[in-house]
There are 2 protein chains.
Amino acid sequence: MAQKPSIPKGTRDFSPIEMAKRNYIFNTIKDVFLLYGFQQIETPAMENLSTLMGKYGEEGDKLLFKILNSGDYLKNAPEELLGERDSLHLTNKISEKGLRYDLTVPFARYVVQHRNDLQMPFKRYQIQPVWRADRPQRGRYREFYQCDADIVGSDSLINEIELVSIIDEVFGRFGVNIAIKLNNRKILSGIAEVIGAPDKLIDITVAIDKIDKIGLDNVNAELREKGLTEEAIETLKPLLTLAGTNEEKMTTLSTLLASSETGMKGIEEMTYVLDHVKELGLKSTIELDVSLARGLNYYTGTILEVKALDVEMGSITGGGRYDNLTGVFGMPGLSGVGISFGADRIFDVLNTLDLYPADTTASARVLFVNFGEAEAMMSLKHIKKLRAAGISAELYPDSAKMKKQMAYANDRKVPFVAIIGDNELKDGTIAVKNMVTGEQQSLTVEAMVELLGE
Amino acid sequence: MAQKPSIPKGTRDFSPIEMAKRNYIFNTIKDVFLLYGFQQIETPAMENLSTLMGKYGEEGDKLLFKILNSGDYLKNAPEELLGERDSLHLTNKISEKGLRYDLTVPFARYVVQHRNDLQMPFKRYQIQPVWRADRPQRGRYREFYQCDADIVGSDSLINEIELVSIIDEVFGRFGVNIAIKLNNRKILSGIAEVIGAPDKLIDITVAIDKIDKIGLDNVNAELREKGLTEEAIETLKPLLTLAGTNEEKMTTLSTLLASSETGMKGIEEMTYVLDHVKELGLKSTIELDVSLARGLNYYTGTILEVKALDVEMGSITGGGRYDNLTGVFGMPGLSGVGISFGADRIFDVLNTLDLYPADTTASARVLFVNFGEAEAMMSLKHIKKLRAAGISAELYPDSAKMKKQMAYANDRKVPFVAIIGDNELKDGTIAVKNMVTGEQQSLTVEAMVELLGE
């Protein structure tokens, strides 16, 4: 049965060169996580649906990929659900497991399940794929990797400082100029409190975000439409026109929020983070941004987001502090703070800005051309010495036409090609061609190790 | 809703120390694959069921994890299948995707789908999890990693030699003494041919395998039971008592198989591989083993398997040559040869033999104890310098009780603890304690970089 094979929509194959680039990204992030003392864990792709359901809202439940139970899954399915074709309610009768939707809920489950073996604070990182049955579109996939680092079991704001430093270090290594935008949920709550409209938090942050585009008058008109009082709008004014340095913004905010205990607590936290980050001297732009409102459902303190400065792209990293990660699994009061690098967007940013290191390739350092049996065996002996010196090397396995072998070398962008012909077979040397410069020289294997060694 | 969380049976969480060990295994294998010029690819966890079904036999189809279609999956399900609760036939009406069962079928699909972009031969490696709805038991999981390397598009036996060398190099790096057992499907076919019983191939290999345990007479009795003629049993005798060096075994086989063209082709291939592997001088024991019969359904030439010599364990690596990997996807005649490392068993072998390198840890090199605000900030500045020198370091985020901080250090087996107290705050030094020897010294941060640097 011949069939034209394809893969499910929204999923991807990764070719060797894409893998080389992705490994560069993951390894860079991983190296920095390790440098900061984070420990890696992995959790299964499949979790029990009882672990996943209800954690991502009603919409999220629908986006979970569910695994059909093995065997005769219909055996005990209720008659009426089958009769009425009630897909929604039949699901949990014929499916017990789902693919993880993110790394946060499995991490929370891990912490609770292994609580007796874990020494707090627990600094974990996790780099694994997640799956969402979202409508696929440009830049949105049904399978994608998340790279998360979290610290749980510590309230200390030093954790925020460390995470901001990690972000700075990672993007510094990538050579990407970034702004790290910071906000604090308590500041947002304070704002809502002082204008007496705690339910209008989202409307207010959307308005602040629009001010540059549509101007103060239009924003105020929108806020009026949303039901804000004139008094509230007047109180908000300094917030909407918030400008200047982080220090200047903080001064304005302190005045605005003076009457709110929660708001002032947010000011205190933000001041601590901004001051200490400044003291450590980071490369990135650090920007207080009160319009930043990601994760308002679960973040309780610091909120952060990263934008690339030299390319148009959404948030490439985000994170924040949450006070109740594990409560839903019966372990309340565990505070944590975490960040998540957006690997797919970072991949696009590095492509756009052409920032991959020159040695991000998927090829060996040298290909030995195959001219026949005796030449091939001599080549393998040389190759053994090269590999022992840590130099990746390969022999074209067949004594195919030269043209075909060179096409293989070119396709893989092999930097060097080595040739063992009659002469080389006799005198033990190797003809080594630099594929970039075209230069060719006759070398001993020892000289070749010298030339190709890094 | 508090619930006691757990994971699906047959799946596993990996703790930081387990991850460190697994990374050591995967990175070692990966390094060697790269040294040999193999290129990495990744394929999606989910494949279309049309890609997977029918590739692993009827039993395999049952062991596939199937993904329930999203949305109202029952909408177009045939009435009669629901009425009759026909789980088997309903499956492909309500499920279009499954989790990959191995890396071989997705690789074949990849090769055919991307044939126009691939330069042959294609040497790929792939390290990803696979899923099987097998009954979980000791050492058998429903989610486990495979580490595969294959060369497709080349008939050359040099590929076999390279794969044997890779195995030798990988286990050499692990420090595990191994025997690489080799067989050839053509030799087995030749044996069946000369005794006139091509359908008894499995019975014969099982018999050869038992000879050491139950002796020649009992084996012959069994073969008689299986329906072999006395003449066939007489012909088989030299095979059942095959002993000595590989060369001696080859001589016996050549005599036995002289009348079989296929058999002699197998002898020729095996001789080529054995001779050249010997010439390259490997560390591993290379052992011709005509009882080796893995993958008889698809292997067409070389068959290989690896056993650890110093620990009781099944095959820890296997592989072979196949002539028609991609035929089922409409691309016939593509020959390939591959190996697969059994990561979970290798993990157990290295644990049993205690072969993990001493630096296989999940901790930072140094933990700074936190005595308060000023001390913590001073620590962060020192830590910045240590990290800039590539030394992983962390600060305990809270100024908790000393006992708690030391428990954290001990739990993570941090090799050094650094203390900034009143004196150190004044004179800028750091009290550094070696957690193994107990020795403590007062150092500048530069001296500390020197001491901890690798």
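Here is how names work: the chains are called A, B, and so on, in the same order as the sequence lines, proteins then strands, and each is numbered from 1.
B:Glu143 touches chain A through its side chain: at least one heavy atom from C-beta onward sits under 4.5 Å away, while N, CA, C and O do not. Proximity to chain A (any heavy atom under 4.5 Å) is restricted, for B:Met120, to the backbone atoms N, CA, C and O. Neither the backbone nor the side chain of B:Asn27 has a heavy atom closer than 4.5 Å to any heavy atom of chain A. Both the backbone and the side chain of A:Thr43 come within less than 4.5 Å of a heavy atom in chain B. Residue contact with chain A, scored on non-hydrogen atoms closer than 4.5 Å, involves the backbone and the side chain of B:Ser154 alike. Looking at A:Ala407, the atoms closer than 4.5 Å to chain B (heavy atoms on both sides) sit in the backbone and in the side chain alike. Heavy atoms closer than 4.5 Å to chain B are found in both the backbone and the side chain of A:Arg387. Only the side chain of B:Asp411 comes within less than 4.5 Å of a heavy atom of chain A; its backbone N, CA, C and O stay farther away. Of the two parts of A:Ile161, only the side chain, counted from C-beta on, holds a non-hydrogen atom closer than 4.5 Å to a non-hydrogen atom of chain B. Proximity to chain B (any heavy atom under 4.5 Å) is shown, for A:Gln405, by neither the backbone nor the side chain. Contacts between B:Ala45 and chain A at a heavy-atom distance below 4.5 Å involve backbone atoms as well as side-chain atoms. Proximity to chain A is absent for every atom of B:Ile383, based on heavy atoms less than 4.5 angstrom apart. Looking at A:Thr91, both its backbone and its side chain come within 4.5 Å of chain B, counting heavy atoms on both sides. Contact of B:Lys9 with chain A is not made at all, since no heavy-atom distance falls under 4.5 Å. Neither the backbone nor the side chain of B:Leu386 comes within less than 4.5 Å of any heavy atom of chain A. Only the side chain of B:Glu373 comes within contact range of chain A, with at least one heavy atom under 4.5 Å from a heavy atom of that chain. Proximity to chain A (any heavy atom under 4.5 Å) is restricted, for B:Asn23, to the side chain, taken from C-beta onward. Heavy atoms closer than 4.5 Å to chain A are found in both the backbone and the side chain of B:Leu280.
Among A:Glu279, A:Glu169, A:Glu96, the residue with the largest count of heavy-atom pairs under 4.5 Å with chain B is A:Glu279. Of the listed residues (A:Tyr272, A:Trp131, A:Tyr125), the greatest number of heavy-atom pairs within a distance under 4.5 Å of chain B belongs to A:Tyr272. Heavy-atom pairs under 4.5 Å with chain A peak, among B:Ile158, B:Thr11, B:Asp13, at B:Asp13. Comparing B:Arg22, B:Glu18, B:Arg124, B:Glu47 by heavy-atom pairs within less than 4.5 Å of chain A, the highest count is held by B:Glu47. The residue among B:Ile151, B:Leu99, B:Leu63, B:Leu395 with the most heavy atom pairs within less than 4.5 Å of chain A is B:Leu99. Of the listed residues (A:Met331, A:Met46, A:Arg142, A:Glu79), the greatest number of heavy-atom pairs within a distance under 4.5 Å of chain B belongs to A:Met46.
Here the side chain of B:Asn48 pairs a donor or acceptor atom with the backbone of A:Ser6 at under 3.5 angstrom. Side-chain N or O atoms of B:Lys97 include none that pairs as donor or acceptor with a backbone N or O of A:Pro8 at under 3.5 Å. The backbone N or O of A:Ala362 sits less than 3.5 Å from a side-chain atom of B:Gln39, completing a donor-acceptor pair. In terms of modelled atom types and a separation under 3.5 Å, the side chain of B:Lys384 and the main chain of A:Gly281 share a donor-acceptor contact.
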Go through the steps to decide whether A:Gln119 and B:Asn410 satisfy the test side-chain contact (heavy atoms from CB on, under 4.5 Å), and finish with yes or no.
-> CA-CA 10 Å; A:Gln119 185 78 27; B:Asn410 285 325; over 6 Å; no
Could you give me the CA-CA distance, side-chain angles and deciding distance for A:Ile94 and B:Tyr73, then say whether side-chain contact (heavy atoms from CB on, under 4.5 Å) is met?
-> CA-CA 12 Å; A:Ile94 64 175; B:Tyr73 54 87; 3.8 Å; yes
Verdict with reasoning, A:Ile67 to B:Ile67, per side-chain contact (heavy atoms from CB on, under 4.5 Å) = CA-CA 5 Å; A:Ile67 314 269; B:Ile67 313 270; 4.0 Å; yes
Apply side-chain contact (heavy atoms from CB on, under 4.5 Å) to A:Glu162 and B:Leu380, showing your working.
-> CA-CA 9 Å; A:Glu162 288 278 87; B:Leu380 281 184; 3.5 Å; yes
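Residues meeting the salt bridge (charged side-chain N to carboxylate O under 4.0 Å, His left out) test with A:Glu160, sequence neighbours left out: A:Arg321. Annotation: side chain to side chain contact (heavy atoms under 4.5 Å, CB included) contacts of A:Leu82 (sequence neighbours excluded): A:Leu74, A:Ala77, A:Leu90, B:Leu82, B:Arg85.
Across all non-hydrogen atoms, the minimal contact from A:Pro16 to B:Phe122 is CG-CE1, 4.0 Å. Considering every non-hydrogen atom in both A:Ile41 and B:Met19, the closest pair reads CA-CG, 3.8 Å. Between B:Tyr408 and A:Pro121, the shortest heavy-atom distance links the atoms CE1-O, 3.0 Å. Nearest heavy-atom pair, A:Tyr110 versus B:Phe14, reported as atom, atom and distance to 0.1 Å: OH-O, 4.0 Å. Residues B:Asn159 and A:Pro397 come closest through the heavy atom pair OD1-CB, 3.3 Å.
Note: A:Asp72 CG to B:Asp86 CG = 8.5 Å, rounded to the nearest 0.5 Å. In this structure, NE2 in A:His276 is found 4.5 Å from CE in B:Met377, a value given to the nearest 0.5 Å.
Donor-acceptor pairing under 3.5 Å is lacking for the side chains of A:Ser156 and B:Asp398.
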